[in-house]
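Below: the structure, in structure tokens.
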Amino acid sequence: MNKKTYLTTPIYYANASPHIGTAYTTIAGDVWQRFQLQHKKESFFLTGTDEHGLKIEKKAQDLKMKPQELVDKISAEFQYLWKKLEIANTHFIRTSDIKHQKIVQAVLDDFFQKGIIYKGKYEGLYCVGCEQFKNPSDLIEGKCPDHNIKPELVQEESYLLKMSEKQSELINKIKTDQLKIRPLKYKKEILSFLENQVLEDIAISRPQVKWGIPLPFDSQHTTYVWLDAFLSYLTGFGWKGPQDKKRGKEISSHFFHLIGKDILRVHATIWPIILMHLNLELPQKIFVHGHILSRGKKMSKSLGNVISLEEMLEKFNVEATRYLLLSAGSFGEDVDVTLERITEKYNADLANGLGNLVSRVISLNKNLKVSIPEKKELGNFQLFLEKKLRFDKALEEIWKIIEESNVYIEKNRPWELMKSNQKKYKKVMSILTSNLFLIADLIQPFMPQTALEIEKSLKNNQATILFPRIIK
RNA sequence: CGCGGGGUGGAGCAGUCUGGCAGCUCGGGUGGCUCAUAACCACCAGGUCGUGGGUUCAAAUCCCACCCCCGCAACCA
């Protein structure tokens with residue numbers, strides 16, 4: 001299983017800078033990817049930016065920029081920050097890439113010819129003040145929050161994508177795990193949604209939005225997010241278009257999508273149906289994670305509970321940030337985070353735990369040579385990390401070794417053996433250094449730099465402070 | 001009767017699918033150690049597992065009812 005993987009994060013909407021949530025998904029993907037590579041498995045890892053649509057058009061207008069300039073800037077921010085966070089993605093897709101746009105148009109043509117896309121009407125609540133359609137969930141007491149007026153029910157011409165004809169096939173694939181949705185509660189949730197209503201055909205074009213990919217068969221319309229963004233999962237891995245069946249099947253059958261719970265529904269309905277219409281395979285797995293909350297609530301500026309990436313990176317280093325995000329709670333559930341708790345965890349796990357053990361062992365190891373032990377595999381560790389995506393539990397397995405090592409030191413008192421029993425002292429130290437090599441190896445997908453530093457200090461027999469203790 | 005999740009020592013959580021002594025981390029207390037980043041180790045205190053009922057030799061776990069909190073309700077990670 002998992003001989004080959006095309007791993008994806010969602011593509012992030014390029015109307016604002018990266019935040020802690022996007023980093024969370026991307027770091028998780030990166031850890032998984034690094035584990036695959038470390039174990040000599042073939043895996044490709046895609047992330048990117050979603051760069052079209054009305055919101056970007058408007059924001060660019062406000063900033064007196066061209067939309068392309070805005071998305072260039074924001075996409076560059078994402079790429080810069082991912083690099084800083086040591087994200088080792090193999091591809092980065094931007095939906096404003098000309099190649100991508102051409103392929104989307106080819107798909108649009110293909111679907112239109114086959115009647116999968118047809119001309120119809122989109123009906124929605126239109127706010128005259130905003131000059132755009134509103135989502136019912138954006139409204140407060142039925143009114144537009146920006147203009148305090150009730151939007152009108154308006155119809156406009158739009159192209160629609162057929163959905164319901166594929167519905168029962170989709171239900172079946174999800175039920176039988178041919179399309180695996182994990183954790184199980186999300187599979188349950190989506191099945192309950194799919195079994196309780198007939199999917200409506202969805203609008204895939206808008207006549208009034210200029211910043212988008214024009215429909216090849218009707219230049220008055222640009223394509224709406226669905227086909228544009230979802231197809232990036234294929235184009236990002238080098239798919240050439242509807243004729244490129246071979247590559248399409250190769251990629252789609254090995255898809256592993258990592259997403260947040262907010263976009264589960266569209267990933268488990270619209271996206272697989274697009275793939276079916278293309279006669280491609282369905283993804284192997286969609287793994288859904290929860291959100292990062294702060295004091296039990298969504299982070300929001302008005303609540304003042306936002307923890308920014310910049311803040312974390314400044315207070316801790318990059319590697320600690322990666323560790324702290326992924327160890328904050330069960331991946332899959334919502335995770336509650338506050339700066340105080342995260343700092344406590346930093347001190348406990350990284351400074352007093354891992355960091356202290358490293359300097360402790362190395363300074364005990366005085367003049368002894370170290371030999372590099374053979375690699376060991378830990379069954380639970382691999383299960384948690386690779387299959388269950390329980391990064392928190394995988395890390396706990398590593399921390400058990402740290403704890404055992406501390407107990408072992410306490411029991412054997414190598415600082416005394418050093419003087420009284422050289423032979424035993426050497427043996428004890430060799431076990432301890434082996435443990436550290438093992439820890440470095442296991443920790444490598446999470447904190448690649450730290451892993452290297454541990455190995456380096458061991459080989460040079462030079463103690464370092466990996467994670468300075470933070471005093472409030 | 002829209003859908004789903006949650007309620008477990010002071011805090012944050014795991015455990016629930018597959019019933020079997022209530023566990024982890026942090027915080028608090030006592031003692032120990034002195035190799036280490038005022039770090040580390042041992043022990044202790046602290047829980048009617050939201051409420052009520054049911055099934056069972058046995059329920060945090062399964063079933064029923066109720067209370068409270070939180071998401072989602074077709075593009076916010």
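Quick note on labels: first sequence line is chain A, next is B, and so on, each numbered from 1. Just so it is clear, the structure is predicted and the values come from calculations on it, not from any experiment.
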Considering every strand and a 4.0 Å limit on heavy-atom distances, what is the contact class for [X]: base, sugar-phosphate, or nothing?
| X | value |
| --- | --- |
| A:F467 | base |
| A:K188 | sugar-phosphate |
| A:W226 | base |
| A:L293 | nothing |
| A:G260 | sugar-phosphate |
| A:L466 | base |
| A:V225 | base |
| A:L258 | nothing |

Rounded distance in Å between the [atom1] positions of [N] and [M]:
| N | M | atom1 | result |
| --- | --- | --- | --- |
| B:U34 | B:G29 | C1' | 22 Å |
| B:C21 | B:A58 | C1' | 12 Å |
| B:G27 | B:C44 | C1' | 15 Å |
| B:U61 | B:U16 | C1' | 4 Å |
| B:G71 | B:A11 | C1' | 23 Å |
| B:G50 | B:G7 | P | 7 Å |
| B:G9 | B:C24 | P | 15 Å |
| B:U56 | B:G12 | C1' | 34 Å |

Between [N] ([atom2]) and [X] ([atom1]): distance, integer Å:
| X | N | atom1 | atom2 | answer |
| --- | --- | --- | --- | --- |
| A:E397 | B:C24 | CD | C1' | 12 Å |
| A:I20 | B:C76 | CD1 | P | 19 Å |
| A:N352 | B:U25 | CG | C1' | 13 Å |
| A:I204 | B:A74 | CD1 | C1' | 15 Å |
| A:I402 | B:U25 | CD1 | P | 13 Å |
| A:L264 | B:G5 | CG | P | 13 Å |
| A:I190 | B:G71 | CD1 | C1' | 14 Å |
| A:K387 | B:C17 | NZ | P | 24 Å |

SB check [X] [Y] (cutoff 4.0 Å):
| X | Y | value |
| --- | --- | --- |
| A:R341 | A:D336 | yes |
| A:D177 | A:K285 | no |
| A:K84 | A:E77 | no |
| A:E157 | A:K121 | no |

Within residues 193-204 of chain A or reaching into it, pairs that qualify as salt bridge (charged side-chain N to carboxylate O under 4.0 Å, His left out) - sequence neighbours excluded: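 Qualifying pairs, neighbours excluded: A:K175-A:E195.
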
Please confirm whether [X] and [Y] have ring centers closer than 6.0 angstrom.
| X | Y | value |
| --- | --- | --- |
| A:H91 | A:F45 | no |
| A:W32 | A:F256 | yes |
| A:H277 | A:F111 | yes |
| A:F255 | A:Y6 | no |
| A:Y233 | A:H267 | yes |

Look at the side chain of [X] and decide which nucleotide, out of [options], has an atom nearest to it.
| X | options | answer |
| --- | --- | --- |
| A:A351 | B:A74, B:U37, B:C3 | B:U37 |
| A:H19 | B:A77, B:A74, B:C40 | B:A77 |
| A:L184 | B:A73, B:G4, B:C17 | B:C17 |

For RNA chain B, consecutive-pair runs of 3 or more (Watson-Crick or G-U wobble, both H-bond-type distances under 3.5 Å) give B:2-7 with B:67-72, B:10-13 with B:23-26, B:28-32 with B:40-44, B:50-54 with B:62-66

Residues in residues 75-91 of chain A with a heavy atom under 4.0 Å of RNA chain B, by number, are none

More than 12 foreign heavy atoms under 6.0 Å from NZ of A:K426: is that the case here?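 Open.
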
What string of B, S and - do you get for nucleotides 26-36 of chain B, 5' to 3', when a contact is any protein heavy atom under 4.0 Å? S-----BSSBB

Polar contact flag, side-chain donor to acceptor under 3.5 angstrom, A:H291-A:D334: no

For a quick check under 3.5 Å, do A:Q462 and A:S457 share a side-chain donor-acceptor pair by atom type?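 Short answer, no.
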
Short N/O separations, protein against nucleotides 12-14 of chain B, under 3.5 angstrom:
| unit_1 | atom_1 | unit_2 | atom_2 | d |
| --- | --- | --- | --- | --- |
| B:A14 | OP1 | A:S330 | OG | 3.1 |
| B:A14 | O2' | A:K393 | NZ | 3.0 |

Check for me whether A:R322 meets the cation-pi criterion with A:F446, that is, NZ or CZ under 6.0 Å from the six-membered ring centre and within 45 degrees of the ring axis. no

Determine whether A:T49 and A:T95 make a side-chain contact, defined as any pair of heavy atoms from C-beta on separated by less than 4.5 Å.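 A:T49 does not reach A:T95 side chain to side chain.
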
Less than 3.5 Å apart, which donor and acceptor atoms pair up between the side chains of residues 323-330 of chain A and the rest of the protein, not counting sequence neighbours?
| unit_1 | atom_1 | unit_2 | atom_2 | d |
| --- | --- | --- | --- | --- |
| A:Y323 | OH | A:D349 | OD2 | 2.7 |
| A:S327 | OG | A:Y323 | O | 2.8 |
| A:S330 | OG | A:R390 | NH2 | 3.2 |

For A:Y13 and A:E396, take the nucleotide of RNA chain B holding the closest heavy atom to each; which residue's nucleotide lies nearer the 5' end?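 Whichever sits nearer the 5' end wins; that is A:E396.
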
